[in-house]
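Notes to accompany the following structure.
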Protein chains: 4
Amino acid sequence: MKKPTKLTTRSAPSAGAAAAALGAVPASNRTARAQERRAAIVDAAMEEFISRGFAATRLDDIAKRAGVAKGTIYLHFKDKESMFEELVRIVIVPVVARLTALPPPTGSVRDLIEAFAGNFLKEVIGTRRGDLVRLIVAEGPRFPAVADFYYREVVSRGIAAMRALIELGIARGEIREKDLARYPQIVVAPAMIAVIWQSLFERHAPLDAQEMLRVHLDLIFGERRTT
Amino acid sequence: MKKPTKLTTRSAPSAGAAAAALGAVPASNRTARAQERRAAIVDAAMEEFISRGFAATRLDDIAKRAGVAKGTIYLHFKDKESMFEELVRIVIVPVVARLTALPPPTGSVRDLIEAFAGNFLKEVIGTRRGDLVRLIVAEGPRFPAVADFYYREVVSRGIAAMRALIELGIARGEIREKDLARYPQIVVAPAMIAVIWQSLFERHAPLDAQEMLRVHLDLIFGERRTT
Amino acid sequence: MKKPTKLTTRSAPSAGAAAAALGAVPASNRTARAQERRAAIVDAAMEEFISRGFAATRLDDIAKRAGVAKGTIYLHFKDKESMFEELVRIVIVPVVARLTALPPPTGSVRDLIEAFAGNFLKEVIGTRRGDLVRLIVAEGPRFPAVADFYYREVVSRGIAAMRALIELGIARGEIREKDLARYPQIVVAPAMIAVIWQSLFERHAPLDAQEMLRVHLDLIFGERRTT
Amino acid sequence: MKKPTKLTTRSAPSAGAAAAALGAVPASNRTARAQERRAAIVDAAMEEFISRGFAATRLDDIAKRAGVAKGTIYLHFKDKESMFEELVRIVIVPVVARLTALPPPTGSVRDLIEAFAGNFLKEVIGTRRGDLVRLIVAEGPRFPAVADFYYREVVSRGIAAMRALIELGIARGEIREKDLARYPQIVVAPAMIAVIWQSLFERHAPLDAQEMLRVHLDLIFGERRTT
DNA sequence: TATGAATGAGGCTTCATTCAT
DNA sequence: TATGAATGAAGCCTCATTCAT
């Protein structure tokens, strides 16, 4: 992070106290407003970057969508490039946090992976977050910092976690293919493909991602016996 | 840059040869030169678009790299957009043509798919053609014409061909998972992931795509018995 | 150049005054400045378009002359074409407004027309407004919108007004030639010719427009008896 | 004239003789062809300059319309500017020549002027030549050479001739208004206005130029008694 | 802090002119 | 002579960034 968030800084005593006295927000109005604006900018920027790519996105449009003046953006971000880089962090960090704080692994490995797939299906594929993945694929080469961050925070962790699951699956005899632990990418691949497919080819040929992932899990774990 | 480029070379050997191969006649020098130039522009544009994306690529740079004047580009392409769209066609069409004219399918389905994977490995993953795939993923949403073309010429055909192979594999008993024929994407997914991985994360964690694809095929066909 | 121009002046007195006259409020300095700039651009553009014609005029030169940056022009006008079209409106509207609010028609028809000719002489012939007329003649065919506007606001009204005067003159017995009311253009023609003559042939043979118009009126009304 | 016409120069002896032997043209084929091309270029250029103005006319379009290659134009004209200047000369000279060699002035002055007006009506108003006049009005200020030439060859002569006629008319008692001789422009003005009107406002309000000119002559000569 | 008018570098594109064939 | 591909200067316009209010 290049810029510390202003959350706990500079709470204007007078104005802040007044606001507190009125019983609205605990934090100073000043700061609260600023945070709202910042969030609005982040949301708007996300939207624009996703639908136009980095280079084709205009700060004017971001400002308009966020309901702020163009100059305001520069109160929160150094410039367009670092805005983009911070953006990816800002959006991804909470997602990673949530995934890291996963429920304790109980039940079969297939159940675990299925649960994970279910989440992914609901929260990523076909959503704005899915488009973010495509955006990173698109801009990664021109933004090494973004690629680095994404690899470090998401990919490497995801791969590691998946590898652990696979090894567990192998140990428990749920997974037959022992080499799979060396390439957790294989397990994740169809989910990624689904993300990309929705962005590019949905209108050519809709893809039932859920069913595809099920078939893929059947391939890995063997067909599920009807319980 | 993975491949050395023809920065200021005037007679691009490969392109020149290709052009010469097309016309039976010695071809008036005039025309031959024009073809060379066009090829040089195509190569240069490819390179630039891949490494910077559509919007961030400057025609000036393409011209410089191709060793022609800026205006010359406009003798061959209407504008930047249609250059990009034509480019994708120009590069992809011969690839599709080559793949369409495949050798007669003999041997086991696994052998066939393995052969195909081998080709893909050699000709796409980690090459400029692979980068082109990433470029299409990146720019597709802003270039419907490109996405359409790519779906029509590459994706739909690839999926159809793969489906046929899978069905053959099922019929012959090589493939157990019957639902696989409904989602040929699953078979292709790791190859696509490999393409993207090379573009984005190679320097973070090199991926042995060949071995990964082998493991994936083992997953589908069962482990190969040592011959 | 017939009139000295406000090359790099920042506060164009006349324009500024005009702007101030419009808004009752002291008008935030911001807005006032913007209006000044706009006026400066309009003046500069007028000057350039008149002396070079539409196609040969460079926005760079307009900006330089107006003392603003190139981009500033685009805060006020969509593009070069619509700037030109708006310009004609901007300059002509107040003139028409002034003429429409004419003094009550008293005295002889000849006096009226003479008064009108006097105004025309002072305010149009040999002035920048006269050059504008020539500019419209020059660019009209390529700017139908301009020709339309000019016909609607100036020509058709002028012809109608002149026809009314002629009919009055005929009714009062001041004008003998009855068919003149069918072609008010005849009455106006020498004035127009004077405008064009000043633009093109002044240096070859100066034309005493005032005297010419007098002779023309003598032709129409008969020679004036020495009062 | 900056470039001597190639009419009598360089008649390739051999080819020329051969052509002559065949009995076709007396001049060499070479030269004849060149002249044809030159004429085609002149026609095409006229057309384009008239409909687009100098700056907006592209040599490409002239070449296309003339059926020659772009380079060929440069074999006949030094550059775009001098082409334009020569063009005006080329087109106007024969017209002037024809008018200079007028029929011997017989009959009344009114008849003479009426005859002239008739010619003007037929040959100028509403024709390409009329548009040429508008073109000169449009481009004159930027092409002093053109304005000079036009003044010298057409305007001054026309004015002089008209003045002579007016004086004759006054001497013969046909024209009452004696001062008219000082401003022959007055006599010509409606004809010029008609030219401009046709170019600009024909679609808004068609003008019966013939009738207007008749009324104008009535104004000058008094209404014609029915013969 | 917030604004948005102003800036001007930089990109795309056009087109007069050249020159090898 | 004639061609037209090639050139590159120059123009229009956009948009990230600044800064006075």
Without decimals, in angstroms, what is the distance between [X] [atom1] and [N] [atom2]?
| X | N | atom1 | atom2 | answer |
| --- | --- | --- | --- | --- |
| D:Lys64 | F:dA2 | NZ | P | 20 Å |
| C:His76 | E:dG4 | NE2 | P | 15 Å |
| C:Phe77 | F:dT14 | CZ | C1' | 18 Å |
| B:Arg38 | F:dA6 | CZ | P | 12 Å |
| D:Glu36 | F:dT1 | CD | P | 15 Å |
| D:Arg33 | F:dA2 | CZ | P | 9 Å |

Show the numbers, then the answer: is there a side chain to side chain contact (heavy atoms under 4.5 Å, CB included) between D:Asp61 and D:Arg52?
CA-CA 11 Å; D:Asp61 289 343; D:Arg52 302 174 136 73; 4.2 Å; yes
Heavy-atom nearest nucleotide on DNA chain F for B:Ile73 versus D:Arg37: which residue maps closer to 5'?
D:Arg37
Residues passing the salt bridge (Lys or Arg N to Asp or Glu O under 4.0 Å) test with B:Lys70, sequence neighbours excluded, are B:Asp60
Residues forming a salt bridge (Lys or Arg N to Asp or Glu O under 4.0 Å) with D:Arg142, sequence neighbours excluded:
D:Glu139
How far apart are the C-alpha atoms of C:Phe49 and C:Val88, what are their side-chain angles, what is the distance that settles it, and do they pass the side chain to side chain contact (heavy atoms under 4.5 Å, CB included) test?
CA-CA 10 Å; C:Phe49 280 135; C:Val88 175; over 6 Å; no
If one requires at least 3 consecutive Watson-Crick or G-U pairs with distances under 3.5 Å, the stems of DNA chain E turn out to be E:2-21 with F:2-21
Does the protein touch nucleotides 10-19 of chain E at the base, only the backbone, or not at all? Give it as B, S and - per nucleotide, heavy atoms under 4.0 Å.
BSSBBSSBB-
Who pairs with D:Ala44 by side-chain contact (heavy atoms from CB on, under 4.5 Å), at least two apart in sequence or on another chain?
D:Ile62, D:Arg65, D:Ala66
Passes side chain to side chain contact (heavy atoms under 4.5 Å, CB included), D:Glu47 versus D:Asp43? Steps please.
CA-CA 6 Å; D:Glu47 207 71 45; D:Asp43 282 356; over 6 Å; no
Check against side chain to side chain contact (heavy atoms under 4.5 Å, CB included), B:Phe77 and B:Arg38:
CA-CA 9 Å; B:Phe77 301 96; B:Arg38 188 185 166 88; 4.0 Å; yes
Just grab all the side-chain hydrogen bond (donor to acceptor under 3.5 Å, both in side chains) pairs involving residues 80-91 of chain C, residues at least two apart or on different chains.
C:Asp79-C:Ser82
